[in-house]
Amino acid sequence: MLDINLIREKPDWVKEQLGKLFDEGAVARIDRIVALDARRRELLQDAENRKGSRNKLSKQVGRLRGDKNTPEGELYAVAEAVMEKVAARDLDGAMTVFEEFSKGERSRIVSSIKVPVVSQGKNEKRFNEKLNDLFAAMKEISDEISELDEEIREIEEELDENMLWLPNIPHESVPVFPHEEDNIPHPEKGTRRSFDFTPKPHWELGPELGIIDFERGVKLSGTRFYILAGMGARLQRALYNFLLDELNKAGFTELYVPLLIQEHAMYGSGQFPKFIDTSYRVEDGTFYLLPTSEVAIVNMYAGEIFEQADLPLNHTAETSCFRQEKMSAGRDVRGIKRVHQFEKVEMVVIAEPDKSYDALEWMTETSEGLVDKLGLPYRRLEIVSGDLGFTATKKYDIETWAPGCEEWLEISSCSNTEAFQARRASIKFRPEEGGKPQFVHMLNGSALGIPRTIIAILENYQTADGSVIIPDVLRPYLGGQQIIEPK
RNA sequence: GGAGAGGUAGCAUAGUCUGGCCUAAUGCGCGCGCCUGGAAAGCGCGUACAGGGAGAAUAUCUCUGUCGUGGGUUCAAAUCCCACCCUCUCCGCCA
């Protein structure tokens, strides 16, 4: 979520920034938001002033009934004088009557009323009636405030809705271009192998090696599901153990998190409302299947305030991830590049605002280091404004070359969201030099998407006879095994 | 699944029966100051979050809301009523 104060103060600047996303719908929301915000504050002032007066007055009015020290004649006079002001909705005037009365200006108030104070017995009845009138009038005032509150609630609902649909603003360093194709590749690293035979795509290699079973996966669960068998399953396990061990060494604390999460968490990290169609909801309606462990890690700290010394906080988790892939229907239907359920090792960094861009570089380099250790050719892609996605201010993708399907595969994606998620989930830190708590910056990156890493390993390490050499770094995780051979 | 006890600002507790002097107290912790050669102790002051308003102000003043969450009753709710969530103890069942 963006800062409403920023939108209020610099709406044109915000529009200009959102314009870089080539998202006209987002830009169009700003004027509506500014109008709703102004209206909200106007009504809020009115309601709060009225509440303040009502609260003060209510105490004084209530005490009239229990007052045993003041003669009833005088109580009646006060009630009468207050009632007159309340009927005219002059609440401050009514308070003034009480203040003057307590200051001792009783005789003036008593003498100012229309009905003269009479003998004791009649006063009691008149007083109680007057008091009931006063209570009734107070109730009317409360009801009027409730109506105002309701109006405010409706405005806030629309305001929130608009705010929740606004994407993040790109960082000034992000190149402004509209499309995915405009993303800027950095120089390729690692060595692309030259093959003296035609390298096969993984959807051929996998079944031939007996390690990916597409047919039975589909039999179980339908299209875009698969089964890893034997060395396939073991390779996956080796891979994420390797990745987690490396990240532990790099200073990430490992987490095991729930795969079923509630709706508010999906809002907190920015998946909802925009991507509600791409997630799976379980039938009882209260849970969603985790689309990425980023959602769990970001939201586990919702509502919390860190000490500055606690930061940065580096977390990693390996989880299954579940995605409907409705938006990509028909794309990448072969193989395991785009599937409904996959494993991913994720990194999340919670950083102080002035350190978050250094953290982004570090996180991205960490990710590249992992690809490098696996001996895969890769490149960094600088993501342009139009392809940033909903939550990121700046993003790098890491791609690895897959010689079998002859394409660059997005194997990792590292983003800074600045305070966008922190604001949604309310995650702050207390600055050491004092001052109010402020929002942290939150970053996330994959390290790495497992199926695509498996694709890259199979396709890059294949040999002419259809075997696949196991990368050096994974061998310790596979009992020293060096090669996967066809059945 | 059954029974009971709970959820109050960083922590621990009071307040709830009996609605209004709660503008939520007290202790601990933490911060600042005094004191000291320095420290401890002692003393003083300050210490939740959010949203508004005044203001040049990230100074200060001020208002509203929040006592697990949401409703309700009432002129008025931490306090009474209803629903839900969570925690703890015991019992039952179970991988």
Side-chain angles (χ1 to χ4, degrees), chain A residues 1 3-9 33-34 36-70 75 78-80 82-83 85-87 89 91-92 94-95 97-98 102 127-146 148-153 155-157 159-160 163 258 260-265 268 284-287 300-310 352-354 419 422-440:
Chain A
M1 206 148 54
D3 184 356
I4 184 71
N5 289 303
L6 183 66
I7 296 172
R8 189 183 296 155
E9 283 155 26
I33 286 170
V34 169
L36 286 167
D37 176 58
R39 179 71 180 144
R40 170 180 174 270
R41 282 185 299 154
E42 189 184 320
L43 293 174
L44 204 56
Q45 263 181 65
D46 188 14
E48 288 186 353
N49 287 337
R50 287 207 223 179
K51 279 179 193 171
S53 306
R54 188 263 323 263
N55 291 348
K56 275 190 278 185
L57 200 53
S58 175
K59 282 195 176 177
Q60 296 296 331
V61 168
R63 281 180 189 141
L64 280 180
R65 172 161 280 166
D67 192 338
K68 302 292 179 208
N69 301 321
T70 311
L75 285 178
V78 172
E80 168 80 19
V82 168
M83 183 63 210
K85 300 286 188 189
V86 169
R89 291 298 181 268
L91 303 189
D92 295 334
M95 262 322 278
V97 173
F98 280 111
S102 67
F127 172 61
N128 284 331
E129 280 168 5
K130 187 54 74 183
L131 214 48
N132 287 338
D133 288 350
L134 204 44
F135 283 156
M138 292 301 293
K139 179 159 180 58
E140 277 174 30
I141 287 168
S142 281
D143 289 346
E144 284 160 22
I145 292 172
S146 297
L148 212 46
D149 278 344
E150 176 60 18
E151 202 178 335
I152 291 166
R153 199 196 57 75
I155 284 167
E156 284 181 342
E157 196 178 336
L159 186 59
D160 288 348
M163 289 297 286
L260 292 176
I261 50 176
Q262 294 185 333
E263 194 175 34
H264 62 84
D284 80 354
T286 63
F287 290 118
M300 66 186 272
Y301 292 115
E304 297 192 26
I305 301 174
F306 296 108
E307 297 304 323
Q308 187 169 355
D310 296 336
E352 295 165 45
D354 59 357
R423 199 172 284 117
R424 285 180 170 228
S426 186
I427 304 169
K428 302 184 169 183
F429 77 102
R430 211 178 291 280
E432 260 158 17
E433 62 272 21
K436 300 195 72 173
Q438 53 181 284
F439 292 113
V440 296

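Only heavy atoms go into these numbers, but all of them, side chains included; no hydrogens, no water, no symmetry mates. In what follows, every chain begins at residue 1, and chains take the letters A, B, ... in the order their sequences are listed.
- Separating the C1' atom of B/A25 from that of B/G15 is a span of 8 Å, rounded to the nearest Å.
- Comparing the C1' positions of B/U23 and B/U64 gives an interatomic distance of 13 Å, to the nearest angstrom.
- Rounding to whole angstrom units, CG of residue A/D160 and P of B/G51 are separated by 12 Å.
- Between B/C11 and B/U69, the distance separating the two C1' atoms is 23 Å to the nearest Å.
- Within the shown strands, B/G27 is the pairing partner of B/C11 under the Watson-Crick or G-U definition, both distances less than 3.5 Å.
- Rounded to an integer number of Å, the gap from A/F429 CZ to B/C49 C1' is 17 Å.
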Practice task
Show your reasoning for whether salt bridge (Lys or Arg N to Asp or Glu O under 4.0 Å) applies to A/E140 and A/R89.
Solution key: CA-CA 10 Å; A/E140 277 174 30; A/R89 291 298 181 268; 3.0 Å; yes

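- Rounded to whole angstrom, the span from the CD atom of A/E156 across to the P atom of B/G65 amounts to 14 Å.
- Pairing partner, B/U64: B/A50, with both Watson-Crick or wobble hydrogen-bond distances short of 3.5 Å.
- Distance check on atom P: B/A77 versus B/G71 gives 14 Å, rounded to whole Å.
- Taking every side-chain heavy atom of A/Q45 into account, B/G53 is the closest of B/C49, B/G53, B/A76.
- Under a 4.0 Å N-O distance rule, the pair A/E151/A/R39 qualifies as a salt bridge.
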Practice task
List the steps, then state whether side-chain contact (heavy atoms from CB on, under 4.5 Å) holds for A/R50 with A/I141.
Solution key: CA-CA 8 Å; A/R50 287 207 223 179; A/I141 287 168; 5.8 Å; no

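- Comparing the C1' positions of B/A78 and B/U66 gives a spacing of 11 Å, expressed to the nearest Å.
- The pair A/E156-A/R153 does not count as a salt bridge, with every side-chain nitrogen at least 4.0 angstrom from each carboxylate oxygen.
- Nucleic acid contact for A/R50: none, since no nucleic acid atom lies under 4.0 Å from a heavy atom of the residue.
- A donor-acceptor contact shorter than 3.5 Å links the side chain of A/R423 to the backbone of A/M1.
- The same atom, C1', is picked in B/G37 and in B/G31; the two are 25 Å apart, to the nearest Å.
- The shortest non-hydrogen separation linking A/S426 to A/F439 is CA-CE2, 4.1 Å.
- The side chain to side chain contact (heavy atoms under 4.5 Å, CB included) check on A/R41 picks up A/R8, A/D37, with sequence neighbours excluded.
- The side chain of A/S142 has B/C75 as its nearest neighbour among B/C49, B/C75, B/G53.
- Among the atoms of the strands shown, only primed sugar atoms or phosphate atoms (P, OP1, OP2) are found under 4.0 Å from some heavy atom of A/R8.
- Between the P atoms of B/G68 and B/U13, the separation comes to 15 Å (whole Å).
- Across all strands shown, the partner of B/A3 is B/U89, judged by Watson-Crick or G-U wobble contacts whose two distances both fall under 3.5 Å.
- Within 4.0 Å of A/S426, counting heavy atoms only, lies no atom of the nucleic acid at all.
- The side chain of A/E48 has B/C63 as its nearest neighbour among B/C63, B/C75, B/A48.
- Computed from coordinates, the A/E9 CD to B/G52 P distance equals 11 Å when rounded to whole Å.
- Look at CZ on A/R89: it is 13 Å from C1' on B/C75, rounded to the nearest Å.
- Within 4.0 Å of A/L57, counting heavy atoms only, lies no atom of the nucleic acid at all.
- An OP1 or OP2 oxygen of B/G70 is reached within less than 4.0 angstrom by no side-chain nitrogen or oxygen of A/R153.
- Looking at which nucleotide of RNA chain B each of A/K59 and A/K436 is closest to, the 5′-most match is held by A/K59.
- Pairing for B/C43 is with B/G33, a Watson-Crick or G-U wobble pair whose two hydrogen-bonding atom distances lie under 3.5 Å.
- For B/G52, one of the phosphate oxygens OP1 or OP2 lies less than 4.0 angstrom from a side-chain nitrogen or oxygen of A/R40.
- Applying the side chain to side chain contact (heavy atoms under 4.5 Å, CB included) rule to A/L44 yields the partners A/R40, A/E48, A/I152; only residues at least two apart in sequence or on another chain are considered.
- Across B/A48, B/G53, B/C75, the shortest atom-to-atom separation from the side chain of A/R430 is found for B/A48.
- B/G20 is paired with B/C75 under the criterion used here, namely a Watson-Crick or G-U wobble arrangement in which both key atom distances are under 3.5 Å.
- Here A/N55 reaches the OP1 or OP2 of B/G65: one of its side-chain N or O atoms lies under 4.0 Å away.
- Across B/U73 and B/U62, the matching P atoms stand 34 Å from one another, rounded to whole Å.
- Between the CG atom of A/D149 and the P atom of B/G51 there is a distance of 18 Å, given to the nearest Å.
- Residue A/S58 places no side-chain N or O under 4.0 Å from the OP1 or OP2 atom of B/G20.
- Residue A/K56 has no polar side-chain atom (N or O) positioned under 4.0 Å from OP1 or OP2 of B/C63.
- Listed nucleotides B/C75, B/C49, B/G52 differ in distance to A/M138; the shortest reach to its side chain belongs to B/C75.
- Rounded to an integer number of Å, the gap from CG of A/D143 to C1' of B/U73 is 13 Å.
- Applying the Watson-Crick and G-U wobble criteria (two distances, each under 3.5 Å), B/A83 pairs with B/U69.
- Rounded to a whole Å, the NZ atom of A/K139 is 11 Å from the P atom of B/A77.
- The side chain of A/R54 contributes no N or O atom lying less than 4.0 Å from OP1 or OP2 of B/C75.
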